[in-house]
Amino acid sequence: MVGYGPGGTGDLTVRLVAQKLADKTGQAFVIENRPGAGGIVASQIAQQSAPDGYTLNFIAAGNFAMTPSLFKSLPFDPVRDFEMVSLIGTFGFALAVDSNSKINDARDLIAQARANPGKLSIGTISVGSAQFLAAEVFKSMAAIDVTIVPYKTSADVIRAVRAGDVHAVFETIAPVIPQVKAGVMRVLGVTEEQRFSGLPNVPTIAESGLPNYAITGWNGIAAPGKTPREVIMKLNAEINNAVARPDIKQKFIELGVTARGNTPEQMQALLKKDIAWWRDVIGKAKLEKQ
């Protein structure tokens with residue numbers, strides 16, 4: 001079950017992994033896209049399925065770690081009602097500007113925002129998205145007065161910064177890379193603690209002006225609660241084998257993602273840590289629950 005539409009980064013990464021699982025196990029893995037309510041619809045279907053290993057759920061920081069703080073109630077508990085299987089990849093976001101912008105790095109953006117309070121704007125996709133929250137954290141940590149402007153789609157965000165409607169954007173790396181290659185956008189920094197291997201010359205935001213800033217998104221796989229341990233471990237082994245393959249690593253990089261597996265216990269710990277972290281971030285941003 002995938003709670004996002006086809007063609008997005010999450011959908012494409014899980015399809016790559018599913019194909020490797022099918023090749024290795026001889027079983028067909030069918031991707032069912034059920035977008036809606038921040039991934040809640042698909043997760044509820046998965047949670048209510050038989051715990052036999054034949055229905056899996058694509059999980060992400062957005063639909064599992066953020067939703068408990070973004071919604072007044074959920075029809076399931078991400079920790080209690082699911083068995084974690086494995087991480088499949090991590091990714092950051094790009095802080096980017098139009099190529100004609102006079103903003104050179106994160107430090108310069110912060111300086112200009114402080115010199116012109118309330119006059120600079122940063123574009124992201126919708127309120128409550130990871131990109132929107134990445135911008136909120138940047139604004140809070142830098143102690144700057146900027147306007148965060150939400151758009152419906154990533155394409156809208158790219159168009160806005162190209163047209164000069166906003167001064168900078170926070171966006172996933174994949175849609176930004178073609179713009180960079182075409183010479184029409186520049187990336188000031190990436191949000192993760194380490195530089196992204198697909199953009200090795202681009203510093204992290206922490207390196208380029210805002211120490212201790214770090215936001216990492218992730219994608220993973222979960223199963224309905226009470227799925228047998230031996231099934232979880234079999235799936236975990238095969239998923240970790242898949243994401244370790246050089247061809248998968250390269251295809252993930254092209255999507256702005258670093259292929260990475262872990263153990264069910266590590267995945268559970270990551271989920272709990274991020275739920276708490278995003279609860280604090282969302283609380284400070286004073287976002288109204290949906």
Side-chain angles (χ1 to χ4, degrees), residues 4-17 19 60 62 88-109 112 120-126 129-132 134-135 138 149-210 213-219 243 245-260:
Y4 304 96
T9 301
D11 175 73
L12 293 173
T13 54
V14 77
R15 286 180 186 275
L16 288 168
V17 172
Q19 184 58 56
I88 63 172
T90 59
F91 55 92
F93 304 98
L95 171 59
V97 296
D98 183 76
S99 59
N100 293 320
S101 172
K102 295 181 180 179
I103 300 171
N104 298 309
D105 53 25
R107 185 176 293 103
D108 194 15
L109 174 59
Q112 290 197 33
L120 269 64
S121 56
I122 297 175
T124 74
I125 62 167
S126 55
S129 67
Q131 292 94 313
F132 181 88
F138 181 84
V149 184
Y151 292 88
K152 287 185 177 181
T153 69
S154 294
D156 293 334
V157 173
I158 299 298
R159 278 194 291 269
V161 75
R162 293 287 320 282
D165 295 335
V166 293
H167 297 89
V169 295
F170 274 92
E171 185 49 82
T172 50
I173 293 173
V176 173
I177 288 178
Q179 307 294 322
V180 172
K181 288 182 177 178
V184 295
M185 284 181 68
R186 286 185 289 110
V187 179
L188 305 182
V190 293
T191 66
E192 290 190 274
E193 292 182 353
Q194 305 295 326
R195 294 189 181 195
F196 175 58
S197 60
L199 296 170
N201 295 323
V202 174
T204 66
I205 290 174
E207 286 180 283
S208 62
L210 192 58
Y213 180 95
I215 291 180
T216 299
W218 48 260
N219 294 334
V243 298
R245 292 176 56 98
D247 58 331
I248 290 290
K249 286 180 176 292
Q250 181 56 42
K251 288 176 180 177
F252 269 41
I253 286 173
E254 292 168 5
L255 293 169
V257 179
T258 300
R260 184 174 288 140

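For reference, positions follow the sequence shown, starting with 1. Every value quoted in this text rests on a predicted model; they were computed, and no experiment measured them.
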Which residue in the set [options] passes side chain to side chain contact (heavy atoms under 4.5 Å, CB included) when paired with [X]?
X      : options                : answer
Arg186 : Ile103, Val97, Asp105  : Val97
Ile205 : Leu188, Ile215, Leu210 : Leu210
Val243 : Val17, Thr13, Leu16    : Val17

Would you say the side chain of [Y] lies within less than 4.5 Å of the side chain of [X], judging by non-hydrogen atoms?
X      : Y      : answer
Tyr151 : Thr124 : no
Val257 : Thr9   : yes
Thr153 : Ile125 : no
Val184 : Arg162 : yes
Ile158 : Met185 : yes
Ile177 : Phe196 : yes

[atom1]-[atom2] distance between [X] and [Y], expressed to the nearest 0.5 angstrom:
X      : Y      : atom1 : atom2 : answer
Glu254 : Gln250 : CD    : CD    : 5.0 Å
Ile248 : Ile253 : CD1   : CD1   : 11.5 Å
Glu193 : Thr216 : CD    : OG1   : 6.0 Å
Asn104 : Lys102 : CG    : NZ    : 10.5 Å
Leu255 : Thr172 : CG    : OG1   : 10.0 Å
Trp218 : Thr258 : CH2   : OG1   : 15.5 Å

> Given the rule in the side chain to side chain contact (heavy atoms under 4.5 Å, CB included) test, do Asn219 and Phe91 qualify, once you have shown the distances and angles that lead to the verdict?
Replying inline: CA-CA 8 Å; Asn219 294 334; Phe91 55 92; 3.5 Å; yes
For the residue pair [X] and [Y], what are the closest heavy atoms and their distance?
X      : Y      : answer
Gly92  : Glu192 : N-OE1, 3.3 Å
Glu171 : Val176 : CB-CG2, 4.0 Å
Gly62  : Tyr4   : C-OH, 4.1 Å
Ser121 : Val149 : CB-CG2, 4.1 Å
Ile173 : Phe93  : CG1-C, 4.2 Å
Gly189 : Val202 : CA-CG1, 3.9 Å

> Would you call the rings of Phe138 and Tyr213 parallel, tilted or perpendicular if under 30° counts as parallel and over 60° as perpendicular?
Replying inline: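 Answer is perpendicular, since the angle exceeds 60°.
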> Are the side chain of Asp11 and the backbone of Gly7 linked by a donor-acceptor contact shorter than 3.5 Å?
Replying inline: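 Yes.
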> So, does Ser126 use its side chain to make a donor-acceptor pair with the main chain of Ser129 at under 3.5 Å?
Replying inline: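 Checking the backbone N and O of Ser129 against the side chain of Ser126, no donor-acceptor pair under 3.5 Å is found.
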>> Would you say Thr90 and Arg260 are linked by a side-chain donor-acceptor pair, where the criterion is simply a distance under 3.5 Å?
In response: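 Side-chain D/A pair, Arg260 to Thr90: present.
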> Can Ser101 and Asp98 be said to form a side chain to side chain donor-acceptor pair (under 3.5 Å), step by step?
Replying inline: CA-CA 5 Å; Ser101 172; Asp98 183 76; over 6 Å; no
>> Evaluate His167 against Gln112 for side chain to side chain contact (heavy atoms under 4.5 Å, CB included), listing each step before the verdict.
In response: CA-CA 11 Å; His167 297 89; Gln112 290 197 33; over 6 Å; no
> Please walk me through it: do Val187 and Leu95 pass side chain to side chain contact (heavy atoms under 4.5 Å, CB included)?
Replying inline: CA-CA 6 Å; Val187 179; Leu95 171 59; 5.9 Å; no
